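Everything on this sheet refers to the single structure shown next.
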2 protein chains.
Amino acid sequence: MILDSETKAVELPEDHGDEIRLWLRLLTCTTLIEGEVRGRLRERFDVTLPRFDLMAQLDKVPDGMTLSDVSKRMMVSNGNVTGLVERLVESGHLDRRTSDTDRRVQVIRLTKAGRAEFRRMAAEHQLWISDIFSDLSPKDVRELMRLLAKTKGSARKAAQKRALQA
Amino acid sequence: MILDSETKAVELPEDHGDEIRLWLRLLTCTTLIEGEVRGRLRERFDVTLPRFDLMAQLDKVPDGMTLSDVSKRMMVSNGNVTGLVERLVESGHLDRRTSDTDRRVQVIRLTKAGRAEFRRMAAEHQLWISDIFSDLSPKDVRELMRLLAKTKGSARKAAQKRALQA
DNA sequence: TTGCATTTGTTTAGGCTTCAAGCAATTGGC
DNA sequence: GCCAATTGCTTGAAGCCTAAACAAATGCAA
């Protein structure tokens with residue numbers, strides 16, 4: 001920031017290169033790890049990452065969730081969830097029924113077999129993840145958590161701003 | 001770490017929960033930002049993120065790249081690039097020709113119009129990104145860069161390890 | 001109660017993405 | 001020179017994903 005002759009704040013043309021580089025590095029990290037996890041899931045369990053993620057959401061709740069809930073939590077579109085659930089019901093991992101109190105609502109939950117299968121996968125998945133992050137010290141992890149939380153907040157704010165003016 | 005009666009190192013069952021939470025937060029951040037950027041690219045320029053990314057790779061080099069180069073840099077499959085390039089050639093953004101020295105190789109580059117269009121998009125894109133990261137101080141940015149570099153290295157090492165034993 | 005906005009989920013069209021298999025051109029070893 | 005392995009790219013099948021349009025159910029307000 002610079003003050004001109006009349007002591008008024010003047011913006012210099014800013015350099016946004018750092019943020020771009022940060023974004024690209026963030027994306028690279030995620031892509032790299034995601035690819036690794038996807039590959040291992042396929043190799044070991046012949047399952048896709050989206051299916052694993054969906055099952056992970058459902059494993060956290062005993063009584064199931066609605067499709068909308070899943071859609072929000074996974075940050076994917078409604079139509080996407082519809083298809084994903086379809087295939088998981090087909091394969092016997094999920095159970096689906098219409099809500100008693102609201103006939104628009106579909107409640108899905110893991111079947112017994114689905115839950116067992118997920119737990120099996122999750123146990124290994126956890127080892128992969130800690131292997132992938134194994135070069136980071138506990139302090140690094142804490143610091144990354146903190147900075148990513150801040151990033152998330154910042155991104156949400158920017159998204160909110162756009163959503164309002166649209 | 002614990003030392004047993006014979007003074008030999010013994011591992012306790014470790015808690016991998018921190019790494020999982022870190023991974024989920026990393027993924028959330030990326031998904032959030034990616035969605036935001038995709039939305040804006042569509043709104044403002046009616047272009048998809050993969051096309052923008054591909055053009056960004058090509059903008060960096062004056063003489064074009066081969067499909068394999070693009071595939072490696074974007075960390076996506078070969079077949080993916082084939083289709084992406086097809087559509088961008090179709091729309092007049094890209095120019096494609098077979099290499100003189102190796103007839104397997106396809107060299108692609110931005111057309112004049114394609115480059116102009118990309119520069120127009122990139123200018124705004126940069127502003128979006130710095131808006132999205134605007135809550136982070138320069139120090140935060142530096143620290144994130146450092147930790148993500150470390151993460152990238154760690155992930156690559158883990159991926160390497162798996163690739164070797166396969 | 002009727003009417004209207006909202007919410008929930010499905011469908012459709014188009015595009016992205018991977019993996020696996022395959023073809024063609026090149027390279028390297030003999 | 002010949003053949004095997006490698007490299008570069010394409011194709012096909014399956015699945016993932018979005019945006020937009022839609023139908024059904026709900027809820028609220030006049």
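Nothing here was measured: the structure is a model prediction, and the numbers come from that model. Proteins get letters first, then strands, A, B, ... in listed order; numbering begins at 1 in each.
- One can place CG of L67(A) at 17 Å from P of dT7(C), the figure rounded to the nearest angstrom.
- Both N80(A) and R38(A) lie close to DNA chain C; mapped to their nearest nucleotides by heavy-atom distance, the more 5′-ward contact belongs to N80(A).
- Phosphate contact (OP1/OP2 of dG9(C), side-chain N/O of T82(A), threshold under 4.0 Å): absent.
- Nearest to the side chain of T48(B), among dT11(D), dC16(C), dT10(C), sits dC16(C).
- With values rounded to the nearest 0.5 angstrom, S134(A) atom OG is found 11.5 Å from I129(A) atom CD1.
- With DNA chain C read from its 5' end, the first of the two nearest nucleotides for G35(A) and V107(A) is the one closest to V107(A).
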Point to revise | Worked check of salt bridge (charged side-chain N to carboxylate O under 4.0 Å, His left out) between D135(B) and K150(A) | key: CA-CA 7 Å; D135(B) 278 2; K150(A) 201 166 177 180; over 6 Å; no

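- Of all nucleotides listed (dT8(C), dC16(D), dT10(D)), dT10(D) comes nearest to the side chain of N78(B).
- F52(B) and F118(B) have their aromatic ring centers within a separation under 6.0 angstrom.
- Using a 4.0 Å heavy-atom cutoff across all strands shown, S99(A) reaches no nucleic acid atom at all.
- At the heavy-atom level, L84(A) lies under 4.0 Å from the strands shown only through sugar-phosphate atoms.
- Take the nearest nucleotide of DNA chain D for D100(A) and for M75(A): the residue whose nucleotide is more 5' is M75(A).
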Practice item. Output, in order, the C-alpha distance, side-chain angles, deciding distance and verdict of salt bridge (charged side-chain N to carboxylate O under 4.0 Å, His left out) for R87(B) and E90(B). Key: CA-CA 5 Å; R87(B) 288 182 287 269; E90(B) 174 74 21; over 6 Å; no

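- The side chain of P50(B) sits closest to dC16(C) out of dC16(C), dT8(C), dT18(C).
- The shortest side-chain heavy-atom distance between R40(B) and V37(B) does not fall under the 4.5 Å cut-off.
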Identify each atom pair where a protein N or O and an N or O of nucleotides 20-25 of chain C are less than 3.5 Å apart, giving names and distance.
| residue | atom | partner | partner atom | Å |
| --- | --- | --- | --- | --- |
| dA25(C) | N3 | R104(B) | NH1 | 3.4 |

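- Nearest nucleotide to the side chain of Q106(A), out of dT18(C), dT8(C), dT10(C): dT10(C).
- Counting non-hydrogen atoms under 4.0 angstrom, S71(B) reaches nothing in the nucleic acid.
- For the pair F133(A)/D140(A), no side-chain contact is recorded, criterion being any heavy-atom separation below 4.5 Å from C-beta on.
- S68(A) comes within 4.0 angstrom of sugar-phosphate atoms only, judged by non-hydrogen atoms across all strands, and of no base.
- A pairwise comparison of heavy atoms in D131(B) and S154(A) identifies O-OG, 4.3 Å as the closest pair.
- Residue contacts shown for T66(A) are limited to sugar-phosphate atoms, with no base heavy atom under 4.0 Å away.
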